[in-house]
Amino acid sequence: MKEQYKKAVFSLSFTQHFLNYIKKVEQKQGKTLHTNGVPLHYVAVLQIILILKDNEMSTESISYHFNNILGRGINQSSLSRTLTYLHETLSLIKYTDNPFAEDKRFTYVELTGEGKKLQKFFLGSTQEAIPSVFSSNKLMTAS
């Protein structure tokens, strides 16, 4: 498969992986969390956290990378609500003191075990196969 298709399919595959995780949480809680789809900033903030080094997971760094990568800012209250959702509702992150930082003014997060599983999938360090796609009625495979 051409490299650009692999990348596009992988991006969609990660989104599916994340949505499946949300479905498991919904089933466990016995309620629907999103009736109109998951807001984009939830996915985007999570993906940014997944690419950061452990000692870079401050709210300041997450906000900076959100703006730098996506070309749009995220205000502090939206970021705070998103991090709370990822922490309290999905249990993908937890708040922590960062032992690497001298400046304690910023909130830091770290990945939980479930968050690390998504990180491994997102960074391509799992053995899960990338799905196949169809193009012009011809099956394309990821190999």
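The figures that follow rest on heavy atoms only: side chains count, while hydrogens, waters and symmetry mates do not. Just so it is clear, the model here is predicted, and its values are computed rather than measured.
From Gln47, atom CD reaches atom CG of Leu52 across 12.0 Å, with rounding to the nearest 0.5 Å. The structure places OG1 of Thr82 at 10.5 Å from CD1 of Ile48, a figure rounded to the nearest 0.5 Å. Taken from NZ in Lys116 to CD in Glu110, the straight-line distance is 7.0 Å, to the nearest 0.5 Å. Distance OG1/Thr59 to CG/Leu79: 6.5 Å, rounded to 0.5 Å.
Side-chain contact between Tyr108 and Asn55 is absent, with no heavy-atom pair separated by less than 4.5 Å. Looking only at side-chain heavy atoms (C-beta outward), Gln27 and Lys23 come within less than 4.5 Å of each other.
Leu33 is connected to Leu19 through a chain of hydrophobic side-chain contacts under 4.5 Å among Ile, Leu, Val, Met, Phe, Trp and Tyr, so both are in one cluster. Put simply, Leu118 and Ile69 are part of the same group of oily side chains (I, L, V, M, F, W, Y) that touch within less than 4.5 Å, one to the next.
Looking only at distances, a side-chain donor or acceptor of Thr84 sits under 3.5 Å from a matching main-chain atom of Ser80. Looking at Tyr95, its side chain never comes within 3.5 Å of a backbone N or O of His87 through a donor-acceptor pair. Side-chain N or O atoms of Thr112 include one that pairs as donor or acceptor with a backbone N or O of Ser91 at under 3.5 Å. With His17 contributing its side chain and Ser13 its backbone, the two residues share no donor-acceptor pair below 3.5 Å.
Side-chain contact, Ser78 with Arg81: a donor N or O sits under 3.5 Å from an acceptor N or O.
Of the listed residues (Leu123, Leu111, Leu92), just one forms a side-chain contact (heavy atoms from CB on, under 4.5 Å) with Leu50, and that residue is Leu111.
In terms of heavy-atom proximity, Leu46 sits nearest to Phe18 at CD2-CE1, 3.3 Å. Across Ile62 and Leu83, no two heavy atoms sit closer than the pair CD1-CD2, 4.3 Å. Residue Asn67 comes nearest to Gly73 through the heavy atom pair OD1-N, 3.7 Å, listed as atom of the first residue, atom of the second, then distance. Closest approach of Ile51 and Phe122 over heavy atoms only: CG2-CE2, 3.4 Å.
In this structure, Lys117 pairs ionically with Glu114, as a charged nitrogen and a carboxylate oxygen lie closer than 4.0 Å.
The aromatic rings of Tyr85 and His34 stand perpendicular to each other, their planes meeting at an angle above 60°, with 30° marking the opposite boundary.
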- Pair Leu70-Phe66, side-chain contact (heavy atoms from CB on, under 4.5 Å): steps then yes or no: CA-CA 6 Å; Leu70 299 173; Phe66 189 99; 3.6 Å; yes
- Given Tyr42 and Ile22, is the side-chain contact (heavy atoms from CB on, under 4.5 Å) satisfied, shown in steps? CA-CA 11 Å; Tyr42 288 0; Ile22 290 172; over 6 Å; no
- Task: Would you check, one step at a time, whether the test side-chain contact (heavy atoms from CB on, under 4.5 Å) holds for Met57 with Thr96?
- Result: CA-CA 10 Å; Met57 293 184 183; Thr96 185; over 6 Å; no
- Message: What verdict does the side-chain contact (heavy atoms from CB on, under 4.5 Å) test give for Leu86 and Ile49, after you've listed the backbone C-alpha separation in whole Å, the side-chain angles of each residue and the deciding distance to 0.1 Å?
- Response: CA-CA 11 Å; Leu86 294 173; Ile49 292 170; 4.2 Å; yes
